Amino acid sequence: RPDRPFLIKSTKHNQLHPIMFAKLSLIAALVGSATAFAPAQTGRASTAVADASAFEGELGVQPPLGLFDPLGLLNGADQERFDRLRYVEVKH
């Protein structure tokens, strides 16, 4: 077809012309290799509690996450609330 010069007629189906396929492969390889040299993100999403220093000595607090509280259940919590949540977590 004249409107799609990069396709050649095959007996079974349309195929990319070998030169066009080579060009697309080269572009894909260049884009893929460029991502290896892209700058890394410097910011880090924090899931730790804002006042996590109160619970940093508890069992299960490990680097690099520290106190992992993705749902924010301990925001503004005291030691009694922490102990209750820990008890329920261990129970279930």
Side-chain angles (χ1 to χ4, degrees):
R1 297 172 77 178
D3 59 338
R4 295 192 289 183
F6 53 89
L7 294 176
I8 57 173
K9 193 67 176 170
S10 175
T11 56
K12 292 186 178 182
H13 52 74
N14 290 337
Q15 294 179 339
L16 277 177
H17 192 273
I19 293 175
M20 185 61 84
F21 182 75
K23 287 179 181 180
L24 289 175
S25 298
L26 179 65
I27 290 171
L30 288 174
V31 169
S33 64
T35 59
F37 299 103
Q41 290 182 346
T42 56
R44 188 177 130 200
S46 175
T47 58
V49 178
D51 57 345
S53 60
F55 306 114
E56 285 298 319
E58 295 293 334
L59 183 67
V61 177
Q62 300 177 15
L65 292 178
L67 179 64
F68 185 68
D69 183 29
L71 298 177
L73 297 174
L74 294 174
N75 289 343
D78 58 353
Q79 186 66 40
E80 182 180 345
R81 172 85 173 143
F82 178 83
D83 291 339
R84 170 72 180 142
L85 290 173
R86 177 62 56 95
Y87 170 77
V88 172
E89 176 185 15
V90 171
K91 180 179 178 183
H92 291 93

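Throughout, residue positions are numbered sequentially from 1 according to the sequence presented. No experiment lies behind these values; they were computed from the predicted model shown.
- For the salt bridge (Lys or Arg N to Asp or Glu O under 4.0 Å) test, residues two or more places apart in sequence or in another chain that qualify with Arg86 are Glu89.
- Glu80 CD: 12 or fewer foreign heavy atoms inside a 6.0 Å radius.
- With sequence neighbours excluded, the residues forming a side chain to side chain contact (heavy atoms under 4.5 Å, CB included) with Val88 are Arg84, His92, listed by chain and number.
- Distance CG/Asp69 to CZ/Phe82: 9.5 Å, rounded to 0.5 Å.
- There is no path of hydrophobic side-chain contacts, each under 4.5 Å, that joins Tyr87 to Val90.
- Listed by chain and residue number, His17, Lys23 satisfy the side chain to side chain contact (heavy atoms under 4.5 Å, CB included) test with Ile19 (two or more places apart in sequence, or in another chain).
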